[in-house]
Asker: 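I'd like to ask you about the structure that follows.
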Amino acid sequence: APSGMPPNVIFSATGGRTYQMVLDSKYGYTGDFTLIHRFVVSPPNDNFSKRTLFTGTNVTLQATTQGATREFREPDHNGSGTLSNSVWWSWIAPTTGRGLLSLRAPGQPAALAVYTGNVVTNLVLVGRQASSGSAINLGFYGASGQVYQVALDALPWAANPLNSIDFSFFPAPPMCR
């Protein structure tokens, strides 16, 4: 756990399965403890295979990373490997132009990333932007008909897992398409 925070154990549970937990201490210390158990349902777009398709050129996406997980061999969205709660969307560019994703100041570390590709282990990075808590603005070039995968990633112990992402798309002038 981060400095000053109590230890956390985060895992994905399967319905109908029994789990055993054990508590231990260093150096034989004894005493009282408080165990806080919190069950959080994963967001519907937690896994890449269940990403949410959004359409339009001016959209606000409501998102939560609470209960989200990292998939095996999922890309590192912020470039440092420190985030691990991602949710996914897909968007198809209606024409050629520039896309802009804006994450309002989340108050904790977060990252936005855009990829092409249809398999989580073979995605091609288009762009990414990370922040320690301030707003994120990620611009990218969009080609007509191309499918883009968008990931929002945050810390597993994020105090405020709810985020709004504003998406805007600006078509290129006809002579530039």
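Atom set for the values below is all heavy atoms of this structure, side chains included, hydrogens, waters and symmetry mates excluded. The shown structure was predicted, so the numbers you read here are calculated from the model rather than taken from an experiment.
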Asker: Mark yes or no for whether Tyr19, through its side chain, and Thr14, through its backbone, hold a donor-acceptor pair below 3.5 Å.
Answerer: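 At least one qualifying donor-acceptor pair exists.
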Asker: Would you indicate whether the side-chain heavy atoms of Val87 and Thr64 approach each other to under 4.5 Å?
Answerer: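 Counting from C-beta outward, Thr64 and Val87 never come under 4.5 Å.
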Asker: According to a hydrophobic-cluster definition based on side-chain heavy atoms being under 4.5 Å apart (Ile, Leu, Val, Met, Phe, Trp, Tyr only), do Ile165 and Val147 belong together?
Answerer: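 No, because Ile165 and Val147 fall into different hydrophobic clusters, even though each may have its own neighbours under 4.5 Å.
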Asker: Between CG of Asn85 and OG1 of Thr65, what distance do you get to the nearest 0.5 Å?
Answerer: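 Rounded to the nearest 0.5 Å, the CG-OG1 separation comes out at 5.5 Å.
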Asker: Does any part of the side chain of Pro94, heavy atoms only, come nearer than 4.5 Å to the side chain of Thr57, both counted from C-beta?
Answerer: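 Answer yes - side chains close enough.
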Asker: Which atom pair, heavy atoms only, marks the closest approach of Asn137 to Ser102?
Answerer: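 Answer, listing the atom of Asn137 first, then Ser102: OD1-OG, 2.7 Å.
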Asker: Among the clusters formed by ILVMFWY side chains lying less than 4.5 Å apart, do Ile92 and Val114 turn up in the same one?
Answerer: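 Unlinked, Ile92 and Val114 end up in two clusters.
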Asker: For Ala110 and Ile136, work out which heavy atoms get closest and say how close.
Answerer: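 In this case the closest contact between Ala110 and Ile136 is O-CD1, 3.5 Å.
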Asker: Mind running side chain to side chain contact (heavy atoms under 4.5 Å, CB included) on Phe54 and Leu61 for me, showing each step along the way?
Answerer: CA-CA 8 Å; Phe54 71 92; Leu61 305 170; 3.9 Å; yes
Asker: Let me know which of Leu53, Val150, Leu101 forms a side chain to side chain contact (heavy atoms under 4.5 Å, CB included) with Trp89.
Answerer: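 Among the candidates, only Val150 passes.
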Asker: Check the angle between the aromatic planes of His77 and Tyr115 and answer parallel, tilted or perpendicular using the 30° and 60° thresholds.
Answerer: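 If you compare the ring of His77 with that of Tyr115, the planes turn out perpendicular.
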Asker: Looking only at heavy atoms, which two atoms of Asp153 and Ser86 are closest? And how far apart?
Answerer: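 The pair with the smallest heavy-atom distance is OD1-N, 3.5 Å.
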Asker: Testing the basics here: between Ala143 and Tyr148, what is the closest heavy-atom pair and its distance to 0.1 Å?
Answerer: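 Reported closest heavy-atom pair: N-OH, 2.8 Å.
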Asker: Considering non-hydrogen atoms only, spot the tightest contact between Leu103 and Ser164 and give its length.
Answerer: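 Residues Leu103 and Ser164, closest heavy atoms: CD1-O, 3.5 Å.
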Asker: So if you build clusters from Ile, Leu, Val, Met, Phe, Trp, Tyr with side-chain heavy-atom gaps below 4.5 Å, do Leu138 and Leu100 land together?
Answerer: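 No, Leu138 does not connect to Leu100 through the hydrophobic network.
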Asker: So if you build clusters from Ile, Leu, Val, Met, Phe, Trp, Tyr with side-chain heavy-atom gaps below 4.5 Å, do Phe140 and Leu123 land together?
Answerer: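 No, because Phe140 and Leu123 fall into different hydrophobic clusters, even though each may have its own neighbours under 4.5 Å.
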Asker: I'd like to know if the side chain of Arg98 reaches the main chain of Ser168, judged simply by a donor and an acceptor atom lying under 3.5 Å from each other, with no hydrogens or angles considered.
Answerer: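 Between the backbone of Ser168 and the side chain of Arg98 there is no qualifying donor-acceptor contact (under 3.5 Å).
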Asker: Indicate if Val120 and Trp91 have the same hydrophobic cluster label, given that clusters are the connected sets of ILVMFWY residues with side-chain heavy-atom separations under 4.5 angstrom.
Answerer: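 Result: no, two separate clusters.
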Asker: Write out all pairs satisfying side-chain hydrogen bond (donor to acceptor under 3.5 Å, both in side chains) with one or both partners inside residues 120-130, taking only residues at least two apart or from two chains.
Answerer: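 Checked against side-chain hydrogen bond (donor to acceptor under 3.5 Å, both in side chains) - neighbours excluded - no pair reaches residues 120-130.
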Asker: Could you state the interatomic distance from OG (Ser132) to CG (Asn78), rounded to the nearest 0.5 Å?
Answerer: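 Rounded to the nearest 0.5 Å, the OG-CG separation comes out at 11.0 Å.
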Asker: Side-chain atoms of residues 41-51: list all donor-acceptor pairs with protein atoms under 3.5 Å, sequence neighbours left out, distances to 0.1 Å.
Answerer:
from, atom 1, to, atom 2, distance (Å)
Ser42, OG, Gly67, O, 2.9
Asn45, ND2, Trp88, O, 3.0
Asp46, OD1, Thr69, N, 2.7
Asp46, OD1, Thr69, OG1, 3.3
Asp46, OD2, Thr69, OG1, 2.9
Arg51, NE, Ser90, OG, 2.8
Arg51, NE, Gln149, OE1, 2.8
Arg51, NH1, Phe48, O, 2.7

